[in-house]
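Structure first, commentary second.
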Amino acid sequence: MGEEERGRLSAGVSGLEEVSNLGWVGCLVVSQGGGGWTGIGGSTGSGENGKGKESGGQGERGGGRADVDRRGGLAGVEGVDDQGKGKDKVLGHSGQGGVADRGDEIQFSASTADQHRRPQSTDPSPPPSPLITTIAPHAPAPSAPHENLSEVKTQLPHAPPGEFLRFNQTLPFPFRRACRSTLGTFHYLIQKRHLPTQLQINPPNAQERELKQVLLDWTADIERQIEQETKADKHIQKLLLLGAGESGKSTIFKQARYQKPVQDFQASIKLLFQTGFDEAELKSYISVIHANVYQTIKILHDGARELAQNETESSKYVLSIENKEIGEKLSEIGGLMDHPRLTKELAQDIEILWKDAAIQETYSRGNELQVPDCAPYFVDNLHRLSDVNYVPTKEDVLYARVRTTGVVEIQFSPVGENKKSGEVYRLFDVGGQRNERRKWIHLFEGVTAVIFCASISEYDQTLYEDENKNRMMETKELFEWVLKQPCFEKTSFMLFLNKFDVFEKKVLRVPLNVCEWFTDYQQLSSGKQEIEHAYEFVKKKFEELYFQNTAPDRVDRVFKIYRTTALDQKLVKKTFKLVDETLRRRNLFEAGLL
Amino acid sequence: MSVAELKERHMAATETVNALRERLKQKRLLLLDTDGLSWELRSMNLAVATYARSQGKTPLTFGPTDLVCCRNLQGHTGKFRGGLLGMLTYEVYSLDWTAEKNRIVSASQDGRLIVWNALTSQKTHAIKLPCAWVMTCAFSPSGLSVACGGLDSVCSIFNLNSPTDKDGNSPVARMLSGHKGYVSSCQYVPDEDTHLITSSGDQTCVLWDITTGLRTSVFGGEFQSGHTADVLSVSINGSNSRMFVSGSCDTTARLWDTRVASRAVRTFHGHEGDVNSVKFFPDGNRFGTGSDDGTCRLFDIRTGHQLQVYQQQHGDNDAPHVTSIAFSISGRLLFAGYSNGDCYVWDTLLAKMVLDLGSLQNSHGGRISCLGLSSDGSALCTGSWDTTLKIWAFGGHRRVI
């Protein structure tokens, strides 16, 4: 091919790619004769220019055909001209397959460096990188600038014949950086009003046109990336865990980790946990557990002192003389920001103090004092906890109380064995008891379901933040508020009536009527029947509350109540399975298939 | 001292504070005129009106073609071919312009930051965030990095120029953690790529040094006097970057000096609902606020007075909340976005609404969550829960006001 033919080659587009660490660039130059495209020149290869064949020719009516390997491998592009001359096949490479006919607008989008990049490739002859190619239709029509400001159509530029542009064929830096400098120029040109601001207008000269094409392709990349990511996320159902403080929602959250984990092969989704907790993570809970122990004993000790001062039968709450000193010491430790490690001596001290009659008496009034529920469990296991080589068990971790800030998320599947039929769930736990919920609740508008945790055993307890507020009333108000939110109009609600185990023991001692919401409760009998009766009563109260706060047009949103004990793993697992079934039914229903 | 005694003293102290607060309020009302306009603004109005008339200039009027929607940025939409669930749409929560070069970054419900070229309306970057619950975003003064924050209580900084890894994710250049509540708003200190100020739901504002990732100062919080409820927005003075103002759920706005973190320079009362948005006036001596009570107000930082109230008469029931505000380059116009999709353009001096962008063609269909004016003042971008961003430019004979 001679120089004169080369001169007649015109460019539709060229592109820059990065193939490997060598950082070379290949480019494809589309030639166009008068009225038809006749040939293609391309350069591919490893570090050299122009290994591909270049052909050119001239013809009145050119013809052309592009055959592309559908696997997205090498593409052969054939240039045929009128007289059948120049029938050279040229190797180019495209990211997508497609068959083009004459006159069609084809865009081989660069499946970019992201997908085809082989950064550690030591392959001696790396396959040619994807090239950006567009093939201009053979009848160039004058392009009219669009009047409509608000629509931007990405149409291909029309190359006037007889122009040739060879963009930088070898650039020592990767695609994106080249584009960036190109874009920089682009911006500059726009700013200086050299470039039109509407992309429909055909830029006057080829360099600008090519800059425009680079920009279009970059944008197409991004759109595709967004589309892929959205598609991947589509099948993940989001669940939001809500509840008043200490309703057990974080425990439910931890339980979710013991469900069957999901291997998600979409590289863009990060999976937090693989198989529950590994040893390093278990060990990280040691300080938390020790802190819980110190805090508990401090609360009991200070509580005893307060009760001793204020109560009429104060002698009940006065510590015995030998234990006073121990009590002071432990109380001081509990008040520190950084707790010392729990040693055998300290553990023994704590045990002695715990056995003191005053402390036991105080513990029986634990509902007034914010004594955490994990107290007896940790005290029973003190010997194990204070061991030098202590590694927390799963159960220990479940009992540990950490105040959550921010949002924590977990991905799991309750029916994990068969990945195809199992739904994937993402559970979000929003801690932070002191925030204004109304300022961020709208972020969760698209969740599939809200899991609301209400601890039914707290009907006689007061809040941590405000001692005069009954916790059950707080839960009731929160539930009402959540039901009324416009962002949850279509969201399913799963109500977990939590801490049933504590409720069981408490309801026989403390009547439900102490809570103002339950004043109309009539105690029937005692024993197991009573527990069931009490539970049914509470459940009915919540149901009434739900229907009171649901507008008539929203009654078809799903609402289900589950009885749970967050610490019982089997029960939680079963509950999640039920939740999964409910939600899948709802999805099928909505899709019109049920 | 026993607990009961302490409680009593606490209650008595609270009562005293409340009484003092009442007295302050009364005193302040006395100083202001009854209809809310201070005497200085009144006289200023008179002067302006007379001057304008003497020069033959009419008060500002806008026709429907003076401000047009010239770009519609649709990008926070997840469309995929053949999907059973069709199109997913994601609301836009926050946007910011670059200091030059006309690019916009927007944050949305799908946990993505998208950087747009405002002139060509093409996307140049799409960053998927590790935490999907994002509430705010900001561009650095150099335009090289973006900061975002949200429910994860962390402000993440992304470098736009660094290459993405094999998953297509942008690496986080820096994570600024330390807040105990959600990050509601962030802004870079003008002309400094290395410092930014965030406001948070834990009632504090923090000045960060990005290079070390540590907090330089904390404004408010447990041991200092500051806001008493979630802080929702910050605005740094353009002419004196040591001063910034913050607005909060406790219905006040506070002015801070970054050198003095222990207490606010001044507290501005007047609003009756959460102050959602604060913005400094271009000359740096005043600032505007927008609130859940449906009004915008203009405050003077030197005197502490409320200069003006921008209020549409709706009656008392459910006035739409003001979600965000912006001033034009000269300050003559105040743009306010509302929760019902309206966007009013107020004349700052006369407190008259001159244009309602919600009544124009191509206006938003949902709540307007964020507003921003470009650095040269020629275009306004509004982002909304109807998943689009719209750019409005002055048409006709007007260029920049």
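We use all heavy atoms of the structure for the numbers below, so side chains are in, but hydrogens, waters and symmetry mates are not.
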> Can you check side chain to side chain contact (heavy atoms under 4.5 Å, CB included) on B:D230 and A:W440, steps first, answer last?
Replying inline: CA-CA 11 Å; B:D230 302 6; A:W440 49 258; 5.7 Å; no

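With a 4.5 Å cut-off on non-hydrogen atoms, B:L232 touches chain A through its side chain but not through its backbone. For B:V183, no part lies under 4.5 angstrom from a heavy atom of chain A.
A distance of 5.5 Å separates NE2 in A:H442 from CE in B:M135, rounded to the nearest 0.5 Å. Within the model, atoms OG1 of B:T124 and CG of A:D221 stand 12.5 Å from one another, a figure rounded to the nearest 0.5 Å. The distance from the NZ atom of B:K123 to the CD atom of A:E223 is 3.0 Å, given to the nearest 0.5 Å.
In this structure, A:K439 and B:N276 have side chains that are in contact, with non-hydrogen atoms separated by less than 4.5 Å. Looking only at side-chain heavy atoms (C-beta outward), A:E436 and B:D274 stay at 4.5 Å or farther from each other.
Between B:Y93 and A:L443, the closest heavy-atom pair is CE1-CD2, 3.1 Å. Taking each heavy atom of A:Q225 and B:A126 in turn, the nearest pair found is NE2-O, 3.9 Å.
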